[in-house]
*Asks:* 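Pasting a structure here, questions to come.
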Amino acid sequence: RTYQAFGKSADLLRGAVRDPSQYQAWQRFYENRDTITFEQMHATRAVIGTPDECAARITQLSREYGLNYFMFEANYGGIRHADVLRSLERFAREVMPSFR
């Protein structure tokens with residue numbers, strides 16, 4: 001919920017406008033930000049979960065879309081700095097070695 005609220009408020013503050021032809025696949029993303037559940041995000045649009053689940057999702061996205069690089073948003077407002085660092089350290093220690 002915090003992630004979705006942060007994204008929505010950032011869009012509203014900056015007056016985000018998206019070209020419908022460029023963001024056609026994302027249309028439902030913006031429409032359901034207030035109602036999407038963790039389970040739906042886990043299944044459809046986020047790299048979240050256990051280290052094994054994150055590695056599997058990254059592998060799937062790489063193969064499905066031919067991605068070589070990823071950019072992650074690790075702190076999206078309201079999360080303690082220590083918790084963000086702990087998450088990043090765990091990702092580096094337990095997920096990244098899968099991609100050497």
Side-chain angles (χ1 to χ4, degrees):
R1 294 268 164 246
T2 302
Y3 171 76
Q4 296 298 345
F6 173 78
K8 185 176 181 177
S9 88
D11 283 352
L12 292 172
L13 281 172
R14 65 186 176 90
V17 177
R18 292 175 182 82
D19 178 345
S21 66
Q22 297 294 317
Y23 284 86
Q24 189 172 16
W26 282 81
Q27 182 178 2
R28 289 191 341 224
F29 172 84
Y30 295 107
E31 292 171 353
N32 74 354
R33 286 197 289 197
D34 293 328
T35 59
I36 192 166
T37 66
F38 175 84
E39 291 77 16
Q40 289 168 317
M41 291 214 29
H42 184 265
T44 63
R45 68 172 66 149
V47 177
I48 51 179
T50 68
D52 288 342
E53 290 173 325
C54 290
R57 181 76 166 145
I58 291 168
T59 298
Q60 177 223 349
L61 292 169
S62 296
R63 288 181 181 151
E64 191 171 327
Y65 297 106
L67 302 175
N68 295 316
Y69 299 97
F70 286 82
M71 181 174 69
F72 290 96
E73 190 170 335
N75 186 354
Y76 37 83
I79 297 176
R80 293 179 333 146
H81 183 68
D83 293 335
V84 173
L85 290 179
R86 190 170 56 250
S87 179
L88 290 171
E89 289 165 354
R90 185 175 185 198
F91 185 85
R93 186 178 61 249
E94 299 181 36
V95 178
M96 287 176 65
S98 300
F99 303 100
R100 288 194 174 154

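When reading the values below, keep in mind they use all heavy atoms of this one structure, side chains included, and skip hydrogens, waters and symmetry mates.
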*Asks:* Provide the closest heavy-atom pair for C54 versus V95 in the form atom of the first, atom of the second, distance.
*Replies:*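 Closest pair (atom of C54, atom of V95, distance): CB-CG2, 4.1 Å.
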*Asks:* Using atom types as modelled and distance alone, determine if a side-chain donor or acceptor of S87 lies under 3.5 Å from a backbone N or O of D83.
*Replies:*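 Not a single qualifying donor-acceptor pair exists.
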*Asks:* Inspect the surroundings of CZ in F99 and state if more than 12 heavy atoms from other residues, nucleotides or ligands are less than 6.0 Å away.
*Replies:*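 It does: F99 CZ has more than 12 such atoms within range.
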*Asks:* Distance from R90 atom CZ to L88 atom CG, nearest 0.5 Å?
*Replies:*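 It is 12.5 Å, given to the nearest 0.5 Å.
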*Asks:* Applying the 4.5 Å side-chain criterion to the ILVMFWY set and letting contacts propagate, would V84 and F70 be lumped into a single cluster?
*Replies:*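 In one cluster: no.
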*Asks:* F72, Y65: one ILVMFWY side-chain cluster at the under-4.5 Å cut-off?
*Replies:*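 Yes, it is one cluster - the side chains of F72 and Y65 are joined through contacts under 4.5 Å.
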*Asks:* Only pairs at least two apart or in different chains count here, so list each salt bridge (Lys or Arg N to Asp or Glu O under 4.0 Å) that has a residue in residues 53-79.
*Replies:*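 Qualifying pairs, neighbours excluded: none.
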*Asks:* How close do P97 and A92 get, heavy atom to heavy atom, and via which atoms?
*Replies:*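 Smallest interatomic distance, heavy atoms only, reads CD-O, 3.3 Å.
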*Asks:* When hydrophobic residues are tied together by side-chain contacts of less than 4.5 Å, even through go-betweens, does V47 share a cluster with M96?
*Replies:*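 They do share one cluster, since a chain of ILVMFWY contacts under 4.5 Å joins V47 to M96.
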